[in-house]
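Worksheet for the structure shown next.
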There are 2 protein chains.
Amino acid sequence: MTTPSKAATIADVAARAGVSVPTVSRVLTGAARVTPEKRERVEQAIVELSFRPSAAARVLASRKAQVIAVIAGDTSRYGYAETIRGIEEGARAEGYTVMITVVESPDEDEIDRAIAATLSQPLAGVAVLKFDPPGVAALQRVPDDLPLVVLSGVRDTSLPQAVLDETRAAEELTDYLLGLGHATVHHVRIPPSRKEDGRTTGWRRALRRAGAPIPEPLDATWEPKSGQALGAVLAADEGVTAVFCGNDEIAMGVISGLTRAGRRVPEDVSVVGFDDHPLAEMWTPPLTTVDQDFAGMGRRGFELLLAEIRGEPGKQFSSERPRLIVRESAGRVGGA
Amino acid sequence: MTTPSKAATIADVAARAGVSVPTVSRVLTGAARVTPEKRERVEQAIVELSFRPSAAARVLASRKAQVIAVIAGDTSRYGYAETIRGIEEGARAEGYTVMITVVESPDEDEIDRAIAATLSQPLAGVAVLKFDPPGVAALQRVPDDLPLVVLSGVRDTSLPQAVLDETRAAEELTDYLLGLGHATVHHVRIPPSRKEDGRTTGWRRALRRAGAPIPEPLDATWEPKSGQALGAVLAADEGVTAVFCGNDEIAMGVISGLTRAGRRVPEDVSVVGFDDHPLAEMWTPPLTTVDQDFAGMGRRGFELLLAEIRGEPGKQFSSERPRLIVRESAGRVGGA
DNA sequence: ATGAAAGCGCTAACAT
DNA sequence: ATGTTAGCGCTTTCAT
């Protein structure tokens with residue numbers, strides 16, 4: 001019937017339902033009791049006018065936002081995507097909406113602009129994926145009057161933080177390789193978030209404890225292709241019998257490079273990854289790796305954030321230990 | 001010096017700079033000229049008070065939002081993630097922030113709630129990834145008073161839409177296989193967004209045109225593992241010499257299943273994928289596939305949306321044709 | 001160029 | 001239980 005040229009406001013609804021504006025607000029928020037009959041009329045008016053309350057006005061008046069901002073350096077890599085998914089699931093269950101801000105640029109100014117744009121939004125809280133340098137840079141720019149949670153692989157701040165203890169996992173994985181008889185384990189690392197990632201630290205620690213030589217790590221980018229190039233490099237070195245890669249995608253690249261250079265995996269060289277990517281078990285050979293419950297970390301991170309938002313004391317920290325997944329890409333030295 | 005217990009408002013800034021509130025607003029928006037001297041004082045006050053304007057208030061007063069909502073059924077799959085990245089890049093360059101809403105649940109009510117929560121935000125526009133049923137369901141719920149763009153694989157609405165013409169690409173890919181001497185091409189499809197995806201339509205069309213028999217398609221889920229199971233099924237059928245998979249990840253699974261069942265790829269069976277996933281060329285054997293510029297589609301989609309937001313006439317539609325990437329997972333029948 | 005006044009659409013505090 | 005009155009923090013007239 002009616003064809004409203006402008007979107008309906010709460011006043012329109014009130015007029016149509018024959019009640020006052022606050023009464024409409026009451027049925028909207030459910031904050032106070034309203035006579036069933038009036039409630040009925042209001043609800044009908046809302047439908048008839050296809051009224052959608054303005055979040056801007058609500059936030060302004062109530063000083064309560066319903067949006068969680070997630071700041072990440074990337075969104076497409078497996079670990080990032082899963083972590084975000086976990087946060088999003090937790091948030092959705094509690095009625096929060098997630099806004100994602102990507103800060104991939106190394107340009108400081110651009111980071112500043114992206115963060116500023118995000119922070120000017122009415123936000124209930126912020127979650128920062130501290131997986132890489134952009135994440136670290138972003139973290140420094142979050143004002144401390146905002147509920148915040150950090151998600152990462154190492155406990156390294158005094159802020160509320162959810163971690164997946166990659167240092168311990170890397171140590172375990174390296175120990176496993178050493179236990180297979182390898183004299184040492186080479187390491188291809190992914191771009192570190194800080195001076196050194198937990199993955200690299202754990203590897204180094206295991207080697208040192210075992211008294212094994214510590215080879216210089218090779219640096220990959222996030223692209224599987226860079227792993228392939230490094231695989232070719234590793235293939236040229238006869239002394240390489242075991243390689244620990246920073247993540248599964250790089251491991252796949254390394255295996256590809258190694259194989260194309262004529263080295264067999266795992267007969268000649270053992271290769272392990274990290275994360276348990278969905279394709280890891282599909283690979284030839286199936287990848288020995290470490291299962292990381294990124295989505296779980298995301299959910300736990302959101303819980304921490306929620307506690308803060310609500311001002312509940314709650315715990316400030318949540319850590320979980322990934323577990324080793326033994327498949328076929330690593331074996332005994334000499335291919336036994 | 002000052003330790004403001006509350007966040008600074010524009011009034012605080014005005015007071016500190018010794019100007020009126022509207023003047024501060026003017027330097028904030030850059031809408032009107034302000035004396036250099038006053039501008040200077042205002043900017044200094046902003047820094048000193050670490051003032052961040054409230055987006056809620058701005059939106060309310062100006063009726064202009066700076067947030068683009070992206071509604072997607074998933075965020076971690078390659079195509080989705082890349083598309084979102086493209087939108088986000090375009091948006092960021094124009095000063096917009098992107099909010100992502102995931103609607104993965106089949107539950108209608110949950111979709112409604114998620115969409116409602118998003119749409120109540122102050123939004124400049126909405127981009128819907130119409131890649132799957134949740135995306136389709138979400139699209140139906142977007143009110144038409146909001147700038148909207150649809151991103152998908154087939155032109156199928158009268159709304160502004162950016163597409164990657166997968167029908168043509170699938171046809172081309174199937175023709176390629178047929179040209180290799182295969183009597184027909186089997187098809188493993190990913191969950192379709194509608195009755196039938198463009199990928200399946202293109203495959204069917206090529207087969208029909210060539211007068212080749214049209215086998216019943218097999219249905220995979222989004223998990224590579226489901227492809228693996230289907231690979232085992234296909235391995236049992238001697239008549240299968242060529243398989244077209246709905247995406248690369250499923251193709252990897254299919255190859256894995258085929259290989260484990262003792263069939264060689266491409267000697268016994270040719271397998272092709274779709275999307276040119278970063279791992280496609282790393283696979284054993286390297287995957288023949290079709291390159292899809294998802295990020296490009298995302299950027300083009302944002303441009304369409306921007307034109308709408310600005311009320312510019314502009315084009316309503318953008319289509320691009322993916323290109324065939326020939327690698328080694330497909331060969332002549334009989335393995336020649 | 002700048003300030004005073006008037007809202008934007010909603011919720012909160014206070015009456016009744 | 002419901003209406004009245006005040007704002008929330010900005011931008012936008014409209015004067016000057």
Side-chain angles (χ1 to χ4, degrees), chain A residues 4-43 45-46 49-67 116-117 119-124 145, chain B residues 4-43 45-46 49-67 116-117 119-124 145:
Chain A
S5 50
K6 279 289 176 186
T9 72
I10 196 171
D12 302 329
V13 174
R16 182 164 193 123
V19 299
S20 72
V21 166
T23 296
V24 177
S25 174
R26 281 169 192 125
V27 351
L28 249 29
T29 59
R33 242 175 303 285
V34 174
T35 323
E37 180 218 350
K38 292 199 172 174
R39 166 183 300 277
E40 174 78 11
R41 296 210 317 263
V42 168
E43 279 166 350
I46 287 177
L49 299 172
S50 53
F51 165 72
R52 285 175 288 128
S54 150
R58 283 185 110 149
V59 166
L60 195 56
S62 71
R63 266 158 280 193
K64 281 189 179 55
Q66 293 297 316
V67 176
L119 297 181
S120 73
Q121 297 302 126
L123 259 27
D145 56 342
Chain B
S5 48
K6 280 285 173 188
T9 72
I10 196 172
D12 300 331
V13 174
R16 181 161 193 128
V19 299
S20 71
V21 166
T23 296
V24 176
S25 174
R26 282 169 191 124
V27 350
L28 248 28
T29 60
R33 239 177 305 286
V34 173
T35 324
E37 180 219 351
K38 290 198 173 174
R39 166 183 301 278
E40 173 78 12
R41 295 215 310 269
V42 169
E43 280 166 349
I46 287 177
L49 298 172
S50 52
F51 164 72
R52 286 175 287 130
S54 149
R58 283 185 109 151
V59 166
L60 194 58
S62 70
R63 270 158 281 189
K64 280 188 182 55
Q66 292 298 314
V67 177
L119 297 181
S120 72
Q121 296 303 126
L123 257 29
D145 58 340

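Just so we're clear, the structure is a prediction, and the values are computed from it rather than from any experiment. Numbered from 1 within each chain, the chains take letters A, B, ... in sequence-line order.
Listed nucleotides: D:dG3, C:dG9, C:dA1. Nearest to the side chain of A:K38: D:dG3. Comparing C:dA4, D:dC10, D:dT2 by their closest approach to the side chain of B:I10 singles out D:dC10.
Counting only distance, with no hydrogens or angles, the side chain of A:R52 and the backbone of B:S120 share no donor-acceptor pair below 3.5 Å.
Put simply, CG on A:D12 is 9 Å from P on C:dC10, counting in whole angstrom units. The separation between A:I46 atom CD1 and C:dC10 atom P is 10 Å, rounded to whole Å. When the P atom of D:dT13 is taken as reference, atom CZ of B:R26 falls 11 Å away, rounded to whole Å. If you take NZ of A:K64 and C1' of C:dA12, they are 10 Å apart, rounded to a whole angstrom. Going from atom CD of A:E40 over to atom P of D:dT2 covers 14 Å, rounded to whole Å. Taking atom CG of B:L60 as the reference point, atom C1' of D:dT11 lies 10 Å away to the nearest angstrom. Summarising the geometry, the separation between CZ on B:R58 and C1' on D:dC8 is reported as 16 Å, rounded to the nearest angstrom. For the pair B:L28 CG and D:dT12 P, the interatomic distance rounds to 11 Å; values are reported in whole Å.
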Checking B:L60 against A:V59 for the side-chain contact (heavy atoms from CB on, under 4.5 Å) test, could you report, in this order, the C-alpha distance in whole Å, the side-chain angles of both residues, the deciding distance, and whether it holds? CA-CA 10 Å; B:L60 194 58; A:V59 166; over 6 Å; no

Give the C-alpha distance, both sets of side-chain angles, the deciding distance and a yes or no for side-chain contact (heavy atoms from CB on, under 4.5 Å) between A:T29 and A:R58. CA-CA 10 Å; A:T29 59; A:R58 283 185 110 149; 3.7 Å; yes

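Nearest-nucleotide positions on DNA chain C place B:A32 closer to the 5' end than the other of B:A32 and B:S62. Comparing A:P22 and A:R33 along DNA chain D, the residue whose closest nucleotide (by nearest heavy atom) sits nearer the 5' end is A:R33.
For C:dG7, the base has no donor-acceptor partner in the side chain of B:R63 [N/O atoms by modelled type, under 3.5 angstrom]. Under 3.5 Å, the side chain of A:R52 and the base of C:dG9 form no donor-acceptor pair of N or O atoms.
For the side chain to side chain contact (heavy atoms under 4.5 Å, CB included) with B:V24, the qualifying choice from B:V13, B:T9, B:V34 is B:V13, the only one to do so.
Contact annotation for B:V59: no contact, since no heavy-atom pair falls under 4.0 Å across all strands.
When the side-chain nitrogen and oxygen atoms of B:S20 are compared with OP1 and OP2 of C:dA4, none of them lie within a distance under 4.0 Å. Residue A:S25 places at least one side-chain N or O closer than 4.0 Å to OP1 or OP2 of C:dT11. Taking only side-chain nitrogens and oxygens, B:T29 never comes nearer than 4.0 Å to OP1 or OP2 of D:dT11. Applying the 4.0 Å criterion to OP1 and OP2 of C:dG9, one finds that A:T9 has every side-chain N and O outside that range. Distances shown here put every side-chain N or O of A:S54 at or beyond 4.0 Å from the OP1 or OP2 atom of C:dG9.
Residues B:I10 and B:S25 come closest through the heavy atom pair CD1-N, 3.8 Å.
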